[in-house]
Amino acid sequence: DAKTTQPNSMESNEEEPVHLPCNHSTISGTDYIHWYRQLPSQGPEYVIHGLTSNVNNRMASLAIAEDRKSSTLILHRATLRDAAVYYCILRDVGNDMRFGAGTRLTVKP
Amino acid sequence: EAGVAQSPRYKIIEKRQSVAFWCNPISGHATLYWYQQILGQGPKLLIQFQNNGVVDDSQLPKDRFSAERLKGVDSTLKIQPAKLEDSAVYLCASSFHTSGPNEQFFGPGTRLTVL
């Protein structure tokens, strides 16, 4: 399975943008890049996914490098409610999701 | 739309006892997943159902864990007998499809403590 590498933790100030990096140098051509997050004492929730092009939704933006070996989840204005563990996951069509340890995001007021 | 329901939310048992967890997925979702999440780690897939058939149970410790999904809706996960290392949060998730980059919806989980 293609693996991802994320920093263990990051900090951000409230109301500022946050860029969460993910390296996936062994990504295959059919792997989708998924991001989920897990708030304290809750199950993970879907954030965004993409294949080759950058993606935007109401929660975040996903910037994918041209060679697809890395991606960045962008939260445009962090709030205290965005404090969570963020998981970057590669998933081929029909395959299961393999979670890593993720990045723990702390948002300071 | 109601989310994925799980019960109980918390369970404390002694080692060698048995325990069962229940999951009710989102209505209409054909695919159901059980994950185990040990403290400080990401969730690990235990078993995946498509309707009431097993798609993937390669990471399920079958000597003590079992799961079923009767009638393709609700599911139960059982541990018999429990070990100390089974202490974890057990998460149930569902999705509309199995294939494609489909979104998985997770329940709140059941936190199991084995003493």
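Below, chains carry the letters A, B, ... as their sequence lines are ordered, and counting in each starts from 1. Below, all heavy atoms of this structure are taken into account, side chains as well, without hydrogens, waters or symmetry copies.
No continuous path of ILVMFWY side-chain contacts below 4.5 Å connects A:I74 to A:Y32, so the two sit in separate hydrophobic clusters.
In this structure the side chain of B:W34 reaches within 4.5 angstrom of the side chain of B:F21, judged on heavy atoms. B:E103 is listed as a side-chain neighbour of A:Y36, based on a closest heavy-atom distance under 4.5 Å.
For a residue to count as touching a neighbouring chain, one of its non-hydrogen atoms must lie under 4.5 Å from one of that chain's; by this rule B:R111 does not touch chain A. Residue contact with chain A, scored on non-hydrogen atoms closer than 4.5 Å, is absent for B:Q6. If you measure heavy-atom distances from B:Q104 to chain A, the contacts under 4.5 Å come from both the backbone and the side chain. In this structure, chain A has a heavy atom under 4.5 Å from the backbone of B:P108, while its side chain stays farther away.
In this structure, CG in B:L60 is found 6.0 Å from CG in B:L46, a value given to the nearest 0.5 Å.
B:Q36 approaches B:F65 most closely through the heavy-atom pair NE2-CZ, 4.3 Å.
Taking B:G42, B:G109, B:P43 one by one and counting their heavy-atom pairs under 4.5 Å with chain A, the maximum is reached by B:P43.
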